[in-house]
Structures are given as structure tokens and as C-alpha cells.
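What follows is one structure encoded as C-alpha cells, with my remarks underneath.
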Amino acid sequence: MSKRLAAVVLAAGFSRRYGEVSKLHAMLAGRPVLACALAPLATLSLQTCWVVSAPEDLAAVALATAAGANCVAHAGRADGLGSSLARGIRALVGELDGVLVVLGDMPRITPAVY
């Protein structure tokens, strides 16, 4: 029996420690970090993938859409990572056997790790 899995990608952080540019949109190997983090998920048999983004981050929405993921804005992101995770979990519908929690600023996680 195959497992019904989904992914929630946390990409609503403030990137304060990274400096002026959002870490999610910094370039790595010619692509934004978020695009690199989303790419392995497209190789998995997921029921759905939701990216939790900042409301004003239209670039994250575009990257999520290009990767075949859904995007949900999180206005309460100042409440921390836990509130972003809760927002992503609330976006999931249907019966699932598990959810991968993915950090949008971790671009070197491979499909084999998932």
C-alpha cells in the first residue's frame, strides 16, 4: 500500500539574520534558494504540496506555482515558525498518512533524504 503524503514548505520567515536580501531569493547554482528547496519535492509522489509564504512575497508565490505547489499567505508569521506550520497544516485537505515539513531555506535536501 502506498502512503498518501503531502508537504508543507515553510517560507514565511523574515530572513533577519541573512541581511538585506531574503535568503529564499538568494541565488544558488543559478536558481533562487526556494526553487532549489522545492525541486526535490516535485520528484516525490505527493498528494499535495503547500508553501506558506509572507503575504507580500509574490516572488515566493511565483516559485511555488512554477514548481507545481500551492501557496498560502500567512499574515501571522510574526508569531513564529509554529504558527506558519499550523497555517500550512490547515491548508491540507483529504486523508493523509503523513506530512513532510520542509524548510524553504534548506536547498540541499535530496529526494533520497525525504
Side-chain angles (χ1 to χ4, degrees):
M1 177 175 102
S2 68
K3 298 286 184 183
R4 296 165 297 185
L5 300 175
V8 171
V9 181
L10 302 177
F14 289 96
S15 255
R16 288 185 187 116
R17 292 176 298 220
Y18 197 71
E20 295 289 319
V21 177
S22 168
K23 183 177 181 182
L24 296 173
H25 304 300
M27 299 304 280
L28 177 67
R31 297 186 304 162
V33 167
L34 181 57
C36 295
L38 290 170
L41 299 175
T43 69
L44 306 177
S45 297
L46 298 174
Q47 299 292 312
T48 188
C49 177
W50 282 88
V51 175
V52 181
S53 70
E56 69 279 0
D57 194 349
L58 300 180
V61 173
L63 290 170
T65 301
N70 302 294
C71 201
V72 60
H74 183 41
R77 67 194 187 116
D79 293 335
L81 186 130
S83 71
S84 292
L85 177 58
R87 180 66 186 101
I89 296 296
R90 282 193 307 272
L92 299 173
V93 295
E95 292 195 30
L96 297 167
D97 295 308
V99 177
L100 298 172
V101 177
V102 177
L103 302 180
D105 63 356
M106 298 288 291
R108 298 199 189 264
I109 306 298
T110 65
V113 171
Y114 291 124

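In this text the structure is predicted, and so the values were computed from the model without any measurement. All values below come from the heavy atoms of this structure, side chains included, with hydrogens, waters and symmetry mates left out.
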>> Checking Arg87 now: which residues fulfil salt bridge (Lys or Arg N to Asp or Glu O under 4.0 Å) with it, not counting sequence neighbours?
In response: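 Result, salt bridge (Lys or Arg N to Asp or Glu O under 4.0 Å) vs Arg87: none returned.
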> Does atom CE of Met106 have more than 12 heavy-atom neighbours, drawn from other residues, nucleotides or ligands, at distances under 6.0 Å?
Replying inline: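 No.
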>> With a sphere of 6.0 Å drawn around CD of Glu95, does it hold more than 12 non-hydrogen atoms of other residues, nucleotides or ligands?
In response: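 Check fails, neighbour count at 12 or below.
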Of the non-hydrogen atoms in [X] and [Y], which two are nearest, and what is the gap between them?
| X | Y | value |
| --- | --- | --- |
| Ala37 | Leu103 | CB-O, 4.1 Å |
| Ala42 | Ala67 | CB-O, 4.4 Å |
| Ala6 | Leu96 | CB-CD1, 3.7 Å |
| Pro55 | Ala75 | CG-CA, 3.7 Å |

In Å and rounded to the nearest 0.5 Å, what is the [atom1] to [atom2] distance from [X] to [Y]?
| X | Y | atom1 | atom2 | answer |
| --- | --- | --- | --- | --- |
| Ile109 | Tyr114 | CD1 | OH | 5.5 Å |
| Leu24 | Cys36 | CG | SG | 11.0 Å |
| Thr65 | Leu38 | OG1 | CG | 10.0 Å |
| Leu28 | Lys23 | CG | NZ | 10.0 Å |

> Quick check: does any side chain N or O of Asp97 sit under 3.5 Å from a backbone N or O of Arg4, one acting as donor and the other as acceptor?
Replying inline: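 Yes, because the side chain of Asp97 sits within donor-acceptor range (under 3.5 Å) of the backbone of Arg4.
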> Between the side chain of Arg77 and the main-chain N/O of Ala54, is any donor-acceptor distance below 3.5 Å?
Replying inline: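 No; zero donor-acceptor contacts below 3.5 Å.
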Hydrophobic clusters here meaning ILVMFWY residues chained together by side-chain heavy-atom distances under 4.5 Å, can you tell me if [X] and [Y] are in one?
| X | Y | result |
| --- | --- | --- |
| Val102 | Val51 | yes |
| Leu10 | Val61 | no |
| Trp50 | Ile89 | yes |
| Val93 | Leu85 | no |
| Leu34 | Leu81 | yes |

Find out whether [X] and [Y] are in side-chain contact, i.e. whether some heavy atom of one side chain is under 4.5 Å from a heavy atom of the other.
| X | Y | answer |
| --- | --- | --- |
| Val9 | Leu100 | no |
| Pro32 | Leu63 | yes |
| Leu44 | Leu5 | no |
| His25 | Asp57 | yes |

>> Checking Ser83 now: which residues fulfil side chain to side chain contact (heavy atoms under 4.5 Å, CB included) with it, not counting sequence neighbours?
In response: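 Side chain to side chain contact (heavy atoms under 4.5 Å, CB included) list for Ser83, sorted by chain: His74, Asp79.
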> Residues in side chain to side chain contact (heavy atoms under 4.5 Å, CB included) with Ala39, at least two apart?
Replying inline: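 Partners of Ala39 by the side chain to side chain contact (heavy atoms under 4.5 Å, CB included) criterion, ordered by chain and then number, come out as Arg31.
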